[in-house]
*Asks:* 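Quick one: this structure, given as C-alpha cells, is what I'll be asking you about.
Quick note: numbers below take in every heavy atom, side chains included, and nothing from hydrogens, waters or symmetry partners.
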Amino acid sequence: MKFYDLSNRGSISDTYTLTSNFGIYDGYDCCTEMTDNGFSAKREKFSIEGHISLEDGIYARYDVIFNESDEQMQISDYQYRFYFSGDEYEVYTQQNNWQNESEGTWQPLVTSVVAGTADVRANECVVPFLALWNRQTGRGVAFHVLPKYGWKISVSKRSSARYIDTIVEIGVNDRGLNWTLEKGEQKELCEVWYYEFENKQNFDSHKLHHYFNKKYPRKEAPVLYNTWFTFFDNVDLEGIYEQIKEAAALGCEYFTLDAGWFGHGTWSDYVGDWEENKEGGYRGQMKTVSDRVHEAGMKFGLWLEPERALKNVSIVSEHPEYFFDNGHSYFLDFANEEARQYIIDLTLGLIQTYQIDLIKFDFNDTISYDKTGQAFYDYHQGHLAYVKALKEAYPHLYLENCASGGYRMNLEQMKYFDSFWFTDNQSLYDGLRIYKDTLHRLPPCGVEKWAALISRDGFVPEYSTLDKTVRTLATNNGTWTAVTSVTPEYLKGFLTGGVPGLTCDLTKLDDTCKQALKETIAAYKEEREFWKKAGARVLTDTDRLLAIQYETEDTVKLVIYTYLVSQLELTVFPQLSDGCYEIEGKDYQPDEGVVVNRPKDFCAYFVNLKKKC
C-alpha cells in the first residue's frame, strides 16, 4: 500500500522513497529539502526539521520547529498529513473509560472520523491510536501518537476533480491553541509511529512490540503486591505485617502501600498533604513497615498523587502560585520551575525517609482546558523533568503509572515508566478483555496483571456430588461489590503475559490457591527474560475462545483461554516465521495446528513451541 506523509506530500512505500516534496505552512507553499534523516523546510521567520526513520518495518516521525525571527511567534495548528488514494476505507479507534479501557471497534469511513483529547491526561476517554483499513487491498496502516500535549487524529475524504483521496491528519489539538515561541526558541512535536499491517484482527501488533522493546528495553519485570484490595483505605497495621509475611512466602518482590497513609483525617480530603498521618493510617509506623518489607527480602513501594491537591491543604494557601484552580481540585503547575522543584524535593525526601524503592503514581482528576493556550505542552515538559529528576537521583527507582487506571497508558509514558496499572477493574474476565485490546498499542512487558482473590469453602461443585469444596473467588469490578469464581488454570493464564501482581488479603487464601500462585510466580521468574522481550498478537478472539501468541526470535508461547465451550476439540494456528518448530521435543506440523482436546469451560491452556531450524 502506498501512502503519503505529513504536511509535505511524499509517497512512502516499502522502499522508503519520498518524492514531490512540498508543504503548506502559514498558508503558503514551503519548499523542503531532503536530508539524511528526513527533511528541512524554511521560510523567512521559521524553519522546520522533520525527522523520519524506518526500522524493522516501523516508521517514526517527529518535527522540530524553530522561531528564526526577532519577535514572538504564535502557532494555531500543526498537523502531520498522510494521503491515501481512494475512499473505500474502514477506521478503528478505541474509547478509554474507567474500568472499561481500550475498547475498540471498526467503522466504515462515510464522511470523517475524529479522535483526540485536549485534557492533561492523554488517554482521557480515547487512546492515541488509529488504524485505517483499505477494503480493496485488504491491508491497513496503524498510527500511534506518542503524546506530549493535547493531541488529535482525523480521517476525512477530499476530492480533486473526479478523484477522491482519504486524508489522515495527526497533530496538536487546536482547541484554544495559541502556542508561543519566543525569539530563538524551538518546540519538539509528538512522535508518530506508523506501519503497514495485513491482519485486521491484531494489527500485526508484534511488530510494534518488538520495535518498542528494542528501543526501550525493560530493566525490571518484578512480581508485585499492593495493599489496595486488601483493606482499601481501612488501614490495619497488624494485618499489613501479616501480608508482608505471606507476600514474601509466595515470591512477591515489591510490597506497595496504596492510598490512606497521609493527611490528618480521611485521606481523600487531604490529597496534596504528603505527610504521614500519625494519628490514623499506619499510626506513625510507616518506616517500621518499610523496614519489615526489606527484612522480608522485598522492596518497598508507596502510592503518591503529586499532580493534585485540595484547597484545605496547607501548601495551596502558602504557595498559591504553585497551583492553578480547576474547580474542586488544584493542580501543580509543572511549568513553574519553583513549583516543580518543590515537588521534586518533597518526593526525594519521602524516598529517603521511608527507603522507597517503588512509587505508584496516580492522577484521579483531569484538566480539560489549558488557559495558557499551550495544549499542556509546558505542563508535560515540566512533568517529564520531574520524573527524570527522580530517576537521576535514584536510577533503580521503579515507577508505576496509574491515572484512575489507564488514563495515561500510552507509548510516550512507557518510555519513562516501568509499568502500568492498566485498569481499576480487577475482574479477571473484564481484565483479560482490556488487556488483549491494549496489546494492539502496547507491548505486554509494560502491562501489569492484577489478581484480587479470596477463598470460600462449602461449595457443591457439580450435580449428584455430596462432597463440598473450596472455591477461589475474584472481584468482578473495581471493588468487592461483585465477585465471581475462577479456576486455577484460568488464574495462571490471566497472570501470564505481563507483570504479575496480587492485591488481596493473602491470609484468606486456602493452601491450594496459594500453591497455585506460588508455582505461577516461580514459573514467571524462570521465564522472566522472555516476558521482558516478547511481542504478542491475538490469534483468535470469539465469544468462546481467545488465543494469544507471545514470541521472541526462537520461542513461541501460546495461551489459549476458553469461556463456555461446546466442542470436543479446539484448533489454533500460530503465526510463525520461516523455519521448523517443535512442541515438547516433537516436530510441529503446521497444517495440523495446535489442538486442545476436550476443553473445559473458563480454563487456560499453554503451548510452547521452540524453533529448531
*Asks:* Judged by atom type as modelled, is there a donor-acceptor pair below 3.5 Å linking the side chain of Asp165 to the main-chain atoms of Tyr83?
*Replies:*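 Pair absent, no side-chain N/O of Asp165 close to backbone of Tyr83.
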*Asks:* Hey, would you say the Tyr550 and Trp531 ring centroids sit under 6.0 Å apart?
*Replies:*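 Centroid distance Tyr550-Trp531: below 6.0 Å, so yes.
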*Asks:* Any donor-acceptor pair under 3.5 Å linking the side chain of Asp119 with the backbone of Arg121?
*Replies:*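 Side chain of Asp119 to backbone of Arg121, a donor-acceptor pair under 3.5 Å: no, none is there.
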*Asks:* Identify the heavy atoms of Pro222 and Glu253 that sit nearest to each other, and give their distance.
*Replies:*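 Taking Pro222 first and Glu253 second, the nearest heavy atoms are CA-OE1, 3.3 Å.
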*Asks:* When the ring centroid of Phe602 is compared with that of Tyr490, is the distance short of 6.0 Å?
*Replies:*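 Between Phe602 and Tyr490, the centre distance exceeds or equals 6.0 Å.
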*Asks:* Do Thr166 and Leu109 touch side chain to side chain, with heavy atoms closer than 4.5 Å?
*Replies:*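 SC-SC contact between Thr166 and Leu109 confirmed.
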*Asks:* If you define the side chain from C-beta out and look only at heavy atoms, does anything of Leu250 sit under 4.5 Å from Leu502?
*Replies:*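 A side-chain contact exists here, since the closest heavy-atom pair is under 4.5 Å.
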*Asks:* How close do Leu189 and Tyr80 get, heavy atom to heavy atom, and via which atoms?
*Replies:*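 That would be CB-OH, 3.5 Å.
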*Asks:* Do side-chain atoms of Tyr225 reach the backbone of Cys504 as a donor and acceptor pair under 3.5 angstrom?
*Replies:*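 Present.
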*Asks:* Is it the case that the side chains of Asn410 and Gln413 hold a donor-acceptor pair, with the cut-off being a distance below 3.5 Å and no angle test?
*Replies:*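 No, no side-chain donor-acceptor pair sits under 3.5 Å.
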*Asks:* Taking all heavy atoms of Gln79 and all of Ile170, pick out the closest pair and write down the distance.
*Replies:*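 What the structure gives for the nearest pair is OE1-C, 3.2 Å.
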*Asks:* Between Ile153 and Val145, is there a side-chain heavy-atom distance shorter than 4.5 Å?
*Replies:*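 When only atoms from C-beta onward are counted, Ile153 and Val145 do touch, with a gap below 4.5 Å.
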*Asks:* We want to know whether Gln94 and Arg441 form a side-chain donor-acceptor pair, criterion being a heavy-atom distance below 3.5 angstrom.
*Replies:*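 Short answer, yes.
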*Asks:* Measure from NZ or CZ of Lys492 to the centre of the six-membered ring of Phe606 and say whether it is under 6.0 Å with the direction within 45° of the ring axis.
*Replies:*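 Yes - Lys492 lies over the ring of Phe606, closer than 6.0 Å to its centre and within 45° of its axis.
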*Asks:* Could you please spell out the steps behind the ring pair (Phe, Tyr, Trp, His ring centres under 6.0 Å) verdict for Tyr398 and Tyr254?
*Replies:* CA-CA 10 Å; Tyr398 193 96; Tyr254 282 83; 5.4 Å; yes
*Asks:* Do you see a donor-acceptor pair shorter than 3.5 Å between the side chains of Asp424 and Trp421?
*Replies:*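 Result is yes, a qualifying pair exists.
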*Asks:* Closer than 3.5 angstrom, by distance alone: can the side chain of Asn199 be matched with the main-chain N or O of Asn202 as a donor-acceptor pair?
*Replies:*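 Yes, the answer is positive, given that a donor and an acceptor are paired below the 3.5 Å cut-off.
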*Asks:* Could you check whether Glu191 pairs with Lys148 (Lys NZ or Arg NE/NH1/NH2 to Asp/Glu carboxylate O, under 4.0 Å)?
*Replies:*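 Salt bridge between Glu191 and Lys148, a charged N being under 4.0 Å from a carboxylate O: no.
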*Asks:* Which pair of heavy atoms, one from Cys445 and one from Asn213, lies closest together, and at what distance?
*Replies:*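 That would be SG-OD1, 3.3 Å.
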*Asks:* Do Ile560 and Val596 have side chains that approach each other closer than 4.5 Å (heavy atoms only, starting at C-beta)?
*Replies:*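 The answer is yes, as the side chains (C-beta and beyond) meet within the 4.5 Å cut-off.
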*Asks:* Phe530 ring centre to Lys557 NZ or CZ under 6.0 Å, with the angle to the axis within 45°?
*Replies:*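 Here Lys557 passes the 6.0 Å and 45° test against Phe530.
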*Asks:* For the pair Ser455 (side chain) and Thr472 (backbone), establish whether a donor and an acceptor sit closer than 3.5 Å, ignoring hydrogens and angles.
*Replies:*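 It does not hold such a pair.
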*Asks:* Any side-chain donor-acceptor pair under 3.5 Å between Thr475 and Gln426?
*Replies:*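 Distance-only check fails for Thr475 and Gln426.
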*Asks:* Using a distance-only test with no angle check, is there a side-chain donor-acceptor pair under 3.5 angstrom linking Gln95 and Asn97?
*Replies:*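 Yes - a donor-acceptor pair under 3.5 Å links their side chains.
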*Asks:* Tyr435 ring centre to Lys449 NZ or CZ under 6.0 Å, with the angle to the axis within 45°?
*Replies:*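 Lys449 over Tyr435 ring: yes.
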*Asks:* Between Glu90 (side chain) and Asn134 (backbone), is there a donor-acceptor pair under 3.5 Å?
*Replies:*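 No, Glu90 side chain to Asn134 backbone: no donor-acceptor pair under 3.5 Å.
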*Asks:* Quiz question: by atom type and distance under 3.5 Å, do the side chains of Asn226 and Asp258 form a donor-acceptor pair?
*Replies:*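 Checked: Asn226/Asp258 side chains pair up, N/O donor to acceptor below 3.5 Å.
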*Asks:* CD1 of Ile521 to CZ of Arg528: how many Å apart, nearest 0.5 Å?
*Replies:*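 If we round to the nearest 0.5 Å, Ile521:CD1 and Arg528:CZ are 10.5 Å apart.
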*Asks:* Do Leu146 and Cys190 make a side-chain contact, defined as non-hydrogen atoms from C-beta onward lying under 4.5 Å apart?
*Replies:*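 The answer is no; the side chains never approach within 4.5 Å.
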*Asks:* Do side-chain atoms of Asp510 reach the backbone of Thr512 as a donor and acceptor pair under 3.5 angstrom?
*Replies:*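 Between the backbone of Thr512 and the side chain of Asp510 there is a qualifying donor-acceptor contact (under 3.5 Å).
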*Asks:* Would you kindly say whether Asn425 and Asn477 are connected by a side-chain donor-acceptor distance under 3.5 Å?
*Replies:*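 Asn425 vs Asn477: no donor-acceptor pair found between side chains.
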*Asks:* Using a strict 4.0 Å threshold on nitrogen-to-oxygen distance, state whether Asp87 and Lys157 make a salt bridge.
*Replies:*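 Yes.
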*Asks:* In terms of side-chain geometry, is the basic nitrogen of Lys514 or Glu246 positioned less than 4.0 Å from the acidic oxygen of its partner?
*Replies:*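 Looking at Lys514 and Glu246, the cut-off is met.
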*Asks:* State whether a side-chain donor-acceptor pair under 3.5 Å links Thr484 with Asn476.
*Replies:*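 Judged by distance alone, the side chains do not pair up.
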*Asks:* Taking atom types as modelled, find out whether Ser154 and Ser156 have a side-chain donor-acceptor pair closer than 3.5 angstrom.
*Replies:*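 Ser156 and Ser154 do not have a side-chain donor-acceptor pair below 3.5 Å.
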*Asks:* Report the C-alpha separation of Leu558 and Val594 in whole Å, then their side-chain angles, then the decisive distance to 0.1 Å, and conclude whether the side-chain contact (heavy atoms from CB on, under 4.5 Å) test is met.
*Replies:* CA-CA 9 Å; Leu558 305 183; Val594 173; 3.8 Å; yes
*Asks:* Evaluate Phe363 against Tyr407 for side-chain contact (heavy atoms from CB on, under 4.5 Å), listing each step before the verdict.
*Replies:* CA-CA 9 Å; Phe363 194 14; Tyr407 280 1; over 6 Å; no
*Asks:* Quick check against the 3.5 Å criterion: does His209 have a side-chain atom that pairs as donor or acceptor with the backbone of Ala536?
*Replies:*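 It does hold such a pair.
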*Asks:* Using modelled atom types and a 3.5 Å cut-off, is there a donor and acceptor pairing between side-chain atoms of Asn123 and backbone atoms of Asn96?
*Replies:*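 Checked: no pair found.
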*Asks:* Taking the side chain as C-beta and beyond, is there a heavy-atom pair between Phe229 and Leu453 under 4.5 Å?
*Replies:*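 Heavy-atom side-chain distance check fails, nothing below 4.5 Å.
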*Asks:* Looking just at side-chain N and O atoms, do Thr117 and Glu124 make a donor-acceptor pair shorter than 3.5 Å?
*Replies:*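 Looking only at side-chain atoms, Glu124 and Thr117 do not form any donor-acceptor pair under 3.5 Å.
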*Asks:* Do you see a donor-acceptor pair shorter than 3.5 Å between the side chains of Thr438 and Ser102?
*Replies:*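 Yes, because at least one side-chain N or O of Thr438 sits under 3.5 Å from a partner of the opposite role on Ser102.
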*Asks:* Would you confirm whether Gln567, through its side chain, and Glu569, through its main-chain N or O, come within 3.5 Å as a donor-acceptor pair?
*Replies:*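 Side chain of Gln567 to backbone of Glu569: a pair is present.
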*Asks:* Go through the steps to decide whether Val499 and Val447 satisfy the test side-chain contact (heavy atoms from CB on, under 4.5 Å), and finish with yes or no.
*Replies:* CA-CA 6 Å; Val499 174; Val447 181; over 6 Å; no
*Asks:* Parallel, tilted or perpendicular, judged at 30° and 60°: which one describes the rings of Tyr216 and Phe212?
*Replies:*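 Tyr216 vs Phe212 ring planes: tilted.
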*Asks:* Show the numbers, then the answer: is there a side chain to side chain donor-acceptor pair (under 3.5 Å) between Ser419 and Glu400?
*Replies:* CA-CA 5 Å; Ser419 57; Glu400 183 180 20; 5.4 Å; no
*Asks:* Hydrogens and angles aside, do Glu551 and Gln549 bring a side-chain donor and acceptor to less than 3.5 Å of each other?
*Replies:*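 Distance-only check passes for Glu551 and Gln549.
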*Asks:* Specify the closest pair of heavy atoms between Leu546 and Val538, including all atoms of both residues, with the distance to one decimal.
*Replies:*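 Nearest heavy atoms, Leu546 then Val538: CD1-CG1, 3.9 Å.
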*Asks:* Looking at every heavy atom in both Thr93 and Gln107, which two are closest together, and how far apart are they?
*Replies:*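 For Thr93 and Gln107, the tightest heavy-atom pair comes out as OG1-NE2, 4.2 Å.
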*Asks:* Could you check whether Thr555 and Lys610, counting side-chain N and O atoms only, form a donor-acceptor pair closer than 3.5 Å?
*Replies:*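 The answer is yes; a qualifying pair exists.
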*Asks:* Tell me whether the NZ or CZ atom of Arg61 lies within the 45° cone about the ring axis of Tyr194 and under 6.0 Å from its centre.
*Replies:*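 Geometry flag: not set, cation outside 6.0 Å or 45°.
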*Asks:* Heavy atoms, side chains only, cut-off 4.5 Å: are Lys533 and Glu553 in contact?
*Replies:*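 A side-chain contact under 4.5 Å is absent here.
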*Asks:* Charged N to carboxylate O under 4.0 angstrom, Lys207 versus Glu196?
*Replies:*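 Answer for the salt bridge query: no.
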*Asks:* Taking the side chain as every heavy atom from C-beta outward, state whether His210 and Asp56 have any pair of such atoms under 4.5 Å apart.
*Replies:*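 No; the side chains remain at least 4.5 Å from each other.
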*Asks:* Working note: Tyr211 + Trp193, criterion ring pair (Phe, Tyr, Trp, His ring centres under 6.0 Å); need CA distance, chi angles, decisive distance, verdict.
*Replies:* CA-CA 10 Å; Tyr211 178 74; Trp193 293 359; 4.8 Å; yes
*Asks:* Determine, stepwise, if the pair Lys612 / Asp554 fulfils side-chain contact (heavy atoms from CB on, under 4.5 Å).
*Replies:* CA-CA 8 Å; Lys612 66 175 189 176; Asp554 60 354; over 6 Å; no
*Asks:* Calculate, to the nearest 0.5 Å, the distance between atoms NZ and OG1 belonging to Lys508 and Thr230 respectively.
*Replies:*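 Going from NZ on Lys508 over to OG1 on Thr230, the span is 10.0 Å.
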*Asks:* So among Phe129, Phe197, Phe203, Phe143, which one has a ring-ring contact (aromatic ring centres under 6.0 Å, His included) with His440?
*Replies:*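 Filter result, single survivor: Phe203.
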